*Asks:* 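The structure under discussion is supplied below as structure tokens; questions concerning it will follow.
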Amino acid sequence: MRTIVAGNWKMNTDRQGAADLVNGVLKGLAGLDTAVEVVLAPPFPFLAATVEQVRGTRVVVAAQNCHEAAHGAYTGEVSVPMLKSIGVGACIVGHSERRQYFGETDAVIARKIDALLEHGLTPIFCCGEVKAEREAGRHEHVVTTQLDGALGHLSADRLARVVIAYEPVWAIGTGLTATPQQAQDMHAHIRAWLQQRDIASVPVLYGGSCKPDNAAGLFGLPDIHGGLIGGAALDAGSFVELVRLATEAEH
Ligand code: 13P
């Protein structure tokens with residue numbers, strides 16, 4: 001299975017900070033013998049410069065969001081063809097922060113995924129339950145509903161080109177990580193959902209306070225194939241260390 005470590009910078013850095021962070025990551029990766037796929041998702045204004053900086057390396061640049069339409073009167077939005085035209089290769093969709101603060105539903109996310117696949121970009125689809133849903137024992141049901149709603153309409157060919165990230169919302173930016181058992185159980189649940197559709201090749205990443213001091217215990221689990229990293233991706237040393245740990249855990 002492919003293993004992926006992706007850094008979601010969220011709304012952080014500025015032009016110089018982004019350039020320095022990319023430089024630091026590239027320097028660190030140069031000393032690493034790894035087949036792990038590395039993805040960097042800076043904010044929109046720094047995407048084009050990041051694409052230039054990583055040219056000639058295996059690093060893929062991802063956007064953090066996109067609009068479903070190719071062009072038109074959608075003030076403030078960014079389309080998939082625009083991203084493609086500057087060399088962006090992937091896009092995070094359905095992040096819980098977009099669901100929570102911007103009202104994104106699985107129906108909207110499904111259309112964004114269609115647009116990305118149409119233009120050959122890799123959707124990194126995020127799913128995950130909030131704390132109350134886990135406490136009520138509904139977490140697997142919630143994630144199944146998200147998978148059905150955003151990915152259920154895809155043909156097997158198209159589904160095989162998606163990357164899934166399980167991010168329990170209660171673990172994002174909180175310092176609380178899912179225990180290895182909680183993470184493995186949900187990843188196995190997602191894997192079973194994929195298997196029902198005869199898909200074996202889609203990596204399922206873990207996200208939520210994933211850091212060098214807890215990553216080894218997560219990346220080594222049978223159904224986890226890398227991570228979607230927030231806070232720890234803002235430090236080049238931590239991020240490269242996560243790539244190293246994922247390399248050691250590759251399976
Ligand atoms: P943290 O690693 O900061 O918890 O963020 C995870 C995340 O939301 C990545 O998309």
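Atom set for the values below is all heavy atoms of this structure, side chains included, hydrogens, waters and symmetry mates excluded. Because the structure is a prediction, the values reported are computed rather than measured. Whatever order the structure lists them in is the order used to number ligands and atoms, beginning at 1. Counting begins at 1 with the first residue of the sequence.
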*Asks:* Do Ile113 and Leu147 belong together in a cluster built from hydrophobic side chains that touch within less than 4.5 Å?
*Replies:*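 In one cluster: yes.
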*Asks:* Would you compute the distance between atom NZ of Lys112 and atom CG of Leu117 and round it to the nearest 0.5 angstrom?
*Replies:*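 So the NZ of Lys112 and the CG of Leu117 are separated by 14.0 Å.
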*Asks:* Test: salt bridge (Lys or Arg N to Asp or Glu O under 4.0 Å). Region: residues 162-176. Which pairs qualify, not counting sequence neighbours?
*Replies:*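 For residues 162-176, and leaving out neighbouring residues, there are no salt bridge (Lys or Arg N to Asp or Glu O under 4.0 Å) pairs at all.
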*Asks:* Just to verify, what does His251 make a ring-ring contact (aromatic ring centres under 6.0 Å, His included) with, not counting sequence neighbours?
*Replies:* His225
*Asks:* Which atom pairs, nitrogen or oxygen on both sides, join ligand 1 and the protein at under 3.5 angstrom?
*Replies:*
from: ligand 1; atom 1: 2 (O); to: Ser209; atom 2: N; distance (Å): 3.4
from: ligand 1; atom 1: 2 (O); to: Gly230; atom 2: N; distance (Å): 3.0
from: ligand 1; atom 1: 3 (O); to: Gly231; atom 2: N; distance (Å): 2.8
from: ligand 1; atom 1: 4 (O); to: Gly173; atom 2: N; distance (Å): 2.6
from: ligand 1; atom 1: 4 (O); to: Ser209; atom 2: N; distance (Å): 2.7
from: ligand 1; atom 1: 5 (O); to: Lys10; atom 2: NZ; distance (Å): 3.2
from: ligand 1; atom 1: 8 (O); to: Lys10; atom 2: NZ; distance (Å): 2.8
from: ligand 1; atom 1: 8 (O); to: His95; atom 2: NE2; distance (Å): 2.7
from: ligand 1; atom 1: 8 (O); to: Glu167; atom 2: OE1; distance (Å): 3.3
from: ligand 1; atom 1: 10 (O); to: Asn8; atom 2: ND2; distance (Å): 3.0
from: ligand 1; atom 1: 10 (O); to: His95; atom 2: NE2; distance (Å): 2.9
from: ligand 1; atom 1: 10 (O); to: Glu167; atom 2: OE1; distance (Å): 3.2
from: ligand 1; atom 1: 10 (O); to: Glu167; atom 2: OE2; distance (Å): 2.9

*Asks:* Would you say the side chains of Asp114 and His153 form a donor-acceptor pair under 3.5 Å?
*Replies:*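 Result is yes, a qualifying pair exists.
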*Asks:* Is Val130 isolated, or which residues cluster with it under the ILVMFWY side-chain rule of less than 4.5 Å, directly or via members?
*Replies:*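 Val169, which link up through side-chain heavy atoms under 4.5 Å apart, make up the rest of the cluster.
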